[in-house]
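Structure first, commentary second.
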Amino acid sequence: MKEFSAKQLPTKEERHKLFGSVEPGEKIKPTEKEKMPDLQNTHKDFLFDINQVGISNVKHPVQVSSKMKPETQTTVGTFKMTSSIKQNHKGTNMSRFTEMIQLYSKGNPFDISIASLKAFTKDMAERLEQDDNQLTVSFPWFFERSGPASDMPGMNHADAEITILYDKHAGYQITVSLKGTITTLCPCSKEISEYSAHNQRGNVTMTVDLSSEYNEEVDWKYALLEAAESNASARIHPVLKRPDEKMVTEQAYENPRFVEDMVRLVAADLYEMPFVNKFTVTCENEESIHLHDAIASITYDKALHA
Ligand SMILES: Nc1nc2c(c(=O)[nH]1)N=C([C@H](O)[C@H](O)COP(=O)(O)OP(=O)(O)OP(=O)(O)O)CN2
């Protein structure tokens, strides 16, 4: 095999200089924090209050508990954390947001139970010396799903999100959201065709304001997933043997659903959940006979219909 002559490289320091690195210049500004200017804590008339300032796209391992298997899991959380600041306040203390995540998680997965996030947002507002704090964490939630005939398990997932707004005066506002994937079979296609009917994956997104009575006895993720799946033409499975496939194929044909049907049926289930104050349910079908999707949505606030 041809021998290659070893390339004679300059040292790493010489390479850095070759590519433009220079020696440090004269340093005259303070290096101790207490002697440094604290611009963000300057107080003047800065024209407007700011509703939300903070950090977003923060990724951190999170621990999720569930009534479904696996009962606890570590997954990846994407955080957005903000607070308001008054007109006479120049900026927020940006480092305190991630400082608090580290304080709560101690380098382990961050427990994102509702109780933990309520405590965190209150502590965060106090650490920022502000009246409020809003946290949104979105995460893929994994759950075990077995074939309807074979009972062979596999792992499905749904996109979940929790938003907690803490206000020193108004208390907490908690909104949760789940996007479940289902099968829908078209009622019109079934009605007009001699045989078969077009069917496709549908994405049901439910966004729910939780009432103050909500406690974690009920797993909101499971409740919303069941509201989507139990009203579908059929559920989605990771492992389907032939007996399973026969069951889900026939079940879908026996339960035709427009996107309009889906949002009305899911709305009825959400309406019956005592811990739900207000909800928006959207069904978006990845139509198998079009390049476009079909979509329907219902927003309902129980307080407006009391
Ligand atoms: N949009 C941005 N705003 C701020 C930035 C930034 O990089 N982009 N940076 C700062 C601060 O320089 C830095 O975040 C540290 O400020 P702070 O969090 O206030 O931390 P302190 O060193 O002041 O220590 P504390 O004791 O927590 O005040 C601010 N804004």
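All values derive from a computational prediction rather than experimental measurement. Whatever order the structure lists ligands and atoms in, that order sets their numbers, starting from 1.
- Looking at Thr98, Asn93, Asn41, Leu128, it is Asn93 that brings a heavy atom closest to atom 19 (O) of ligand 1.
- Donor-acceptor pairing under 3.5 Å is recorded for the side chains of Ser66 and Asp219.
- Protein heavy atom nearest atom 26 (O) of ligand 1, with residue, atom name and distance: Lys33 NZ, 2.8 Å.
- Rounding to the nearest 0.5 Å gives a distance of 9.5 Å between CH2 of Trp220 and CE of Met206.
- Between Gln52 and Thr82, the side chains place a donor N or O and an acceptor N or O closer than 3.5 Å (distance only, hydrogens not considered).
- Protein heavy atom closest to atom 12 (O) of ligand 1, with residue, atom name and distance, is Gln40 NE2, 4.3 Å.
- Of the protein's non-hydrogen atoms, Ser95 OG, 2.6 Å is the one closest to atom 18 (O) of ligand 1.
- Residue contacts with ligand 1 include Arg127, since one of its heavy atoms falls under 4.0 Å from the ligand.
- The only member of Thr163, Thr175, Asn277, Thr280 that meets side chain to side chain donor-acceptor pair (under 3.5 Å) when paired with Asp209 is Thr175.
- Counting only heavy atoms, the protein gets under 4.0 Å from atom 23 (O) of ligand 1.
- In this structure, atom 5 (C) of ligand 1 lies nearest to the protein heavy atom Met94 CG, 3.9 Å.
- Ser288 and Gln200 share a side-chain donor-acceptor pair at under 3.5 Å.
- The presence of a protein heavy atom under 4.0 Å from atom 29 (C) of ligand 1 is confirmed.
- Side chain to side chain, Thr78 and Lys59 meet the donor-acceptor criterion of an N or O pair below 3.5 Å.
- The nearest protein atom to atom 25 (P) of ligand 1, hydrogens excluded, is given as Arg96 NH2, 3.4 Å; this is a heavy-atom distance.
- Using modelled atom types and a 3.5 Å distance limit, the side chains of Asp269 and Asn231 yield a donor-acceptor pair.
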